[in-house]
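Working notes, beginning with the structure itself.
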2 protein chains.
Amino acid sequence: MIKPRSRRGGGRPTIADVARKAGVGAITVSRALRDPERVSEDLRRQIRAAVDELGYVPDPNARALASARAEVFGVLVPSLTNNVFAEVVRGIYDSLSDGPFRVQLGNTHYSGLEEERLLQVFGSQRPAALIVAGIDQTPTARKLLETAGCPVVQVMETGPDPVDMLVGFSHLDGGRTATEHLIEAGYRRIGFIGARMDPRSQRRLAGYRAAMEAAGLFDARLVTTTPVLSSVTLGRELFRDALAKMPALDGVFCNNDDIALGVLFECHRAAIAVPKTIGIVGFNDLDMMQSAFPSITSIRTYRYEIGRRSVAMALAAIAGKRPEQRVVDLGFELIRRESTAR
Amino acid sequence: MIKPRSRRGGGRPTIADVARKAGVGAITVSRALRDPERVSEDLRRQIRAAVDELGYVPDPNARALASARAEVFGVLVPSLTNNVFAEVVRGIYDSLSDGPFRVQLGNTHYSGLEEERLLQVFGSQRPAALIVAGIDQTPTARKLLETAGCPVVQVMETGPDPVDMLVGFSHLDGGRTATEHLIEAGYRRIGFIGARMDPRSQRRLAGYRAAMEAAGLFDARLVTTTPVLSSVTLGRELFRDALAKMPALDGVFCNNDDIALGVLFECHRAAIAVPKTIGIVGFNDLDMMQSAFPSITSIRTYRYEIGRRSVAMALAAIAGKRPEQRVVDLGFELIRRESTAR
DNA sequence: ACGCTGGATGGTAGCGCTACCATGACGGCG
DNA sequence: CGCCGTCATGGTAGCGCTACCATCCAGCGT
């Protein structure tokens, strides 16, 4: 008589089925799958054959329960559609796709409270590692990260006091570099246009301000910001506002490339010459910046690489080889293009 | 003597701890959490107090193991950075964020094999539902979907033979509508420019071809495609290729908005008048289309809504109320703008 | 008064896997 | 030649939760 399958299991083969078919103990199958070195060549072959024949796939839930550790990377980003985070997430997925780890992605919508809630949820799964965007967690969120009992990588920024590990670059320096470039190119009444003023944008603004003050050019009326989510259309609107406030504007540093593109389009529409009358600098250097007409100067950042590196560091920590360099600054690069070539 | 915590558990409170503190059975705690209706008001209050005091969070792995069902939606998309899928994913996340369900996102990189592998991995978790992009699964992948034992929603397209449920629109009709619009606007030598020619782009091309042939305008030299991933820069290059092949081109239907933007920029750079000399139509109607100069005609699609609707249908099926309408066509809309206003 | 029904509650036995420890075989060593 | 470390393998006992069934207690009809 065929062994009746459990009422719940639905008939999928279990490790015990594999063990029976291979004529070994269940624990040996478990070892052969997780740590083949510790099982003799012979048994390994038999077990592999049984696995293939039965189509056995380990149940990650049972595994997580028994080992008190889920093979999951928790990833928290403030936006799913913002290309910048999408690139980081892609880097994370690509780095993890050939290993045992799954990705659990959470969207905080730029909300600290939502971040806390998601950390709570993620923590309940005992993830193998946590990767979170930014360094401005609420005190509660920070405590959750510290007590998560797994490697934590904060990404997108550098900062003095990481929870554990950190991969990013300095938004303040990026903002300063962009602004200094405009100043060097001969622009003087340089505006800052920023949407969705998250902490990173705030630091870009701080960099802009530092450069402007150093050159004796700062004026509060040059700054135009909004908390509204960024978009090309919003860039156009903000630029119109900025011009209305300050008609003599001769340059703009935009907190991201969407805004910069909106500014460019509005210049076309209003027949404002770029770079002659207005210089434009974006941030992140999305592909379209190089193809725009005129092409747009931008600060190139390494989002995909941030994702890759954060995973590499977390994996090293999981393997017990906590990297000696816990803070990695991937830097940025000013890409000079036509939009500031006066 | 304090009960020694298990060697593995790490000291987090369990359902037994809550039960002891509340003075009830563990199973009653379980019920109070999952199905409060079935527990008396009194006990519910006691249990909630114990939960709050201990900071108890259920272990999803144990739950999944015991109930043979994980509270996970498996979501498979071909790209994480393509804005189109990012919008669908955002709709899914937003619809699921206030329930018990987690999202398990997989990136197939437009590969059928990778899709099969991911379905295998996802299936091992016994997900509550699966949402997959497209209707062109390999036979193996389709079998995996059919035997997954959970609701399945295919998204992004309509088609005659869904695995289970379907939410999307007709790419063929979209391509035809876009092309007919160009013809009606008076364009005659209308090119098709397409990158990353996935099945959906193929169908847009088929729609283009149908419209062109119906008007007696089709010519194979009008079609320029590449399997390379889409980008604005690629749009410029393909448009240059198309012009070289067919200098008399007077319109282009692009398989997406990135390509259309690249075409627009190249026109600017080559001083080709839009819409006078060349008409341009994109696909998806990203925000930047309305802000471009000139603004670009496009086929508006409802990606976010596709995500929302797919979740709603899956949730209904999970609740036992399988919707009577298993195929939902969300349609599209031609948005006429300056780029075709001749 | 008695069984009977239905709703609330609890006990028991797993879900599929792995941590921990035991066992047994083997070979090197004094 | 027996002792002991080392290695491969296996048995047992859970991990934290829920399915299933048992129990108990009203409230009801007869």
Side-chain angles (χ1 to χ4, degrees), chain A residues 3-20 22-47 51 54-71 100 123-126 128 149, chain B residues 3-20 22-47 51 54-71 100 123-126 128 149:
Chain A
K3 169 172 176 285
R5 298 245 39 119
S6 132
R7 62 192 189 283
R8 327 194 206 172
R12 290 188 0 177
T14 73
I15 205 168
D17 298 325
V18 176
R20 209 172 307 121
V24 300
I27 189 69
T28 306
V29 175
S30 172
R31 269 196 288 260
L33 262 36
R34 285 176 303 146
D35 200 358
E37 318 271 308
R38 298 185 44 200
V39 175
S40 70
E41 184 61 30
D42 262 15
L43 288 192
R44 229 186 298 167
R45 212 185 348 260
Q46 276 170 252
I47 289 169
V51 164
L54 292 172
Y56 169 74
V57 183
D59 181 333
N61 298 119
R63 185 172 273 187
L65 181 58
S67 63
R69 181 57 69 204
E71 289 177 323
S124 72
Q125 295 183 66
R126 307 163 180 284
Chain B
K3 169 169 176 288
R5 298 249 33 125
S6 135
R7 62 194 188 281
R8 327 193 206 172
R12 290 190 356 180
T14 74
I15 203 168
D17 297 326
V18 176
R20 209 172 307 120
V24 300
I27 189 67
T28 305
V29 175
S30 172
R31 269 198 286 262
L33 261 35
R34 284 177 304 146
D35 199 0
E37 318 273 305
R38 298 185 44 200
V39 174
S40 69
E41 184 61 32
D42 262 16
L43 289 192
R44 230 184 300 166
R45 211 184 348 262
Q46 276 170 251
I47 289 169
V51 164
L54 293 172
Y56 169 73
V57 183
D59 181 332
N61 298 118
R63 184 173 273 188
L65 181 59
S67 62
R69 183 55 70 203
E71 288 177 324
S124 72
Q125 296 183 66
R126 308 162 181 283

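Lettering follows sequence order; numbering is per chain, from 1.
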Q.
Looking only at the side chain of A:S67 (C-beta and beyond, no hydrogens), which of the listed nucleotides D:dG16, C:dG10, C:dT18 gets closest?
A. C:dT18

**Q.** Where A:P58 and B:S124 come nearest, the two heavy atoms and their spacing
**A.** O-CB, 3.7 Å

Q) A:R69 CZ to D:dG16 P: how many Å, rounded? A) 13 Å

Q | Among C:dC17, C:dG10, D:dG10, the nucleotide that comes nearest once only the side chain of A:V24 is considered | A | D:dG10

Q: Determine yes or no for a side-chain-to-main-chain donor-acceptor pair under 3.5 angstrom, with A:D59 supplying the side chain and A:A62 the backbone.
A: yes

Q) Which residues within residues 25-41 of chain B lie with some heavy atom under 4.0 Å of an atom in DNA chain D? A) B:I27, B:S30, B:R34

Write down the protein N/O and nucleotide N/O pairs, taken from nucleotides 24-26 of chain D, whose separation is under 3.5 Å; answer none if there are no such pairs.
none

Q) Nearest heavy-atom pair of B:T14 and B:Y56: which atoms, and what distance? A) C-CE1, 3.5 Å

Q | Protein-nucleotide distance (A:L65, atom CG; C:dG16, atom P), rounded to Å | A | 12 Å

Q | Global bending angle along the helix from C:dA1-D:dT30 to C:dG30-D:dC1, which compares the axes of five pairs at either end, to 10 degrees | A | 50°

Q. By salt bridge (charged side-chain N to carboxylate O under 4.0 Å, His left out), which residues pair with A:R31, not counting sequence neighbours?
A. none

Q) Between D:dT9 atom P and A:I47 atom CD1, what is the distance in whole Å? A) 8 Å

Q. Between B:R126 (CZ) and D:dT18 (C1'), how many Å, whole number?
A. 14 Å

Q) If you round to the nearest 0.5 Å, how far is CG of A:L54 from CD1 of A:I15? A) 12.0 Å

Q. What is the distance, rounded to the nearest whole Å, between atom OH of A:Y56 and atom C1' of C:dG16?
A. 7 Å

Q: Let me know, please, whether A:D59 or B:G23 comes out on the 5' side of the other along DNA chain C by nearest nucleotide.
A: B:G23

Q) Given atom CG of B:D42 and atom C1' of C:dT9, what is their separation to the nearest angstrom? A) 13 Å

Q | Smallest separation among heavy atoms of B:P13 and B:G55, with atom names | A | CG-O, 4.1 Å

Q: Could you check B:A62 against B:L43 and say which one's nearest nucleotide on DNA chain C is further toward the 5' end?
A: B:L43

Contacts table for residues 22-30 of chain B: side-chain donor-acceptor under 3.5 angstrom, sequence neighbours left out:
| residue | atom | partner | partner atom | Å |
| --- | --- | --- | --- | --- |
| B:S30 | OG | B:R34 | NE | 3.3 |
| B:S30 | OG | B:R34 | NH2 | 2.9 |

Q. Out of curiosity, A:D17 CG to A:R20 CZ, how far, rounded to the nearest 0.5 Å?
A. 5.0 Å

Q) If you round to the nearest 0.5 Å, how far is CZ of A:R69 from CG of B:N61? A) 11.0 Å

Q) In whole Å, what is the span from the CD1 atom of B:I15 to the C1' atom of C:dG11? A) 14 Å

Q.
Which residues pass the side chain to side chain contact (heavy atoms under 4.5 Å, CB included) test with B:E41, not counting sequence neighbours?
A. B:R44, B:R45

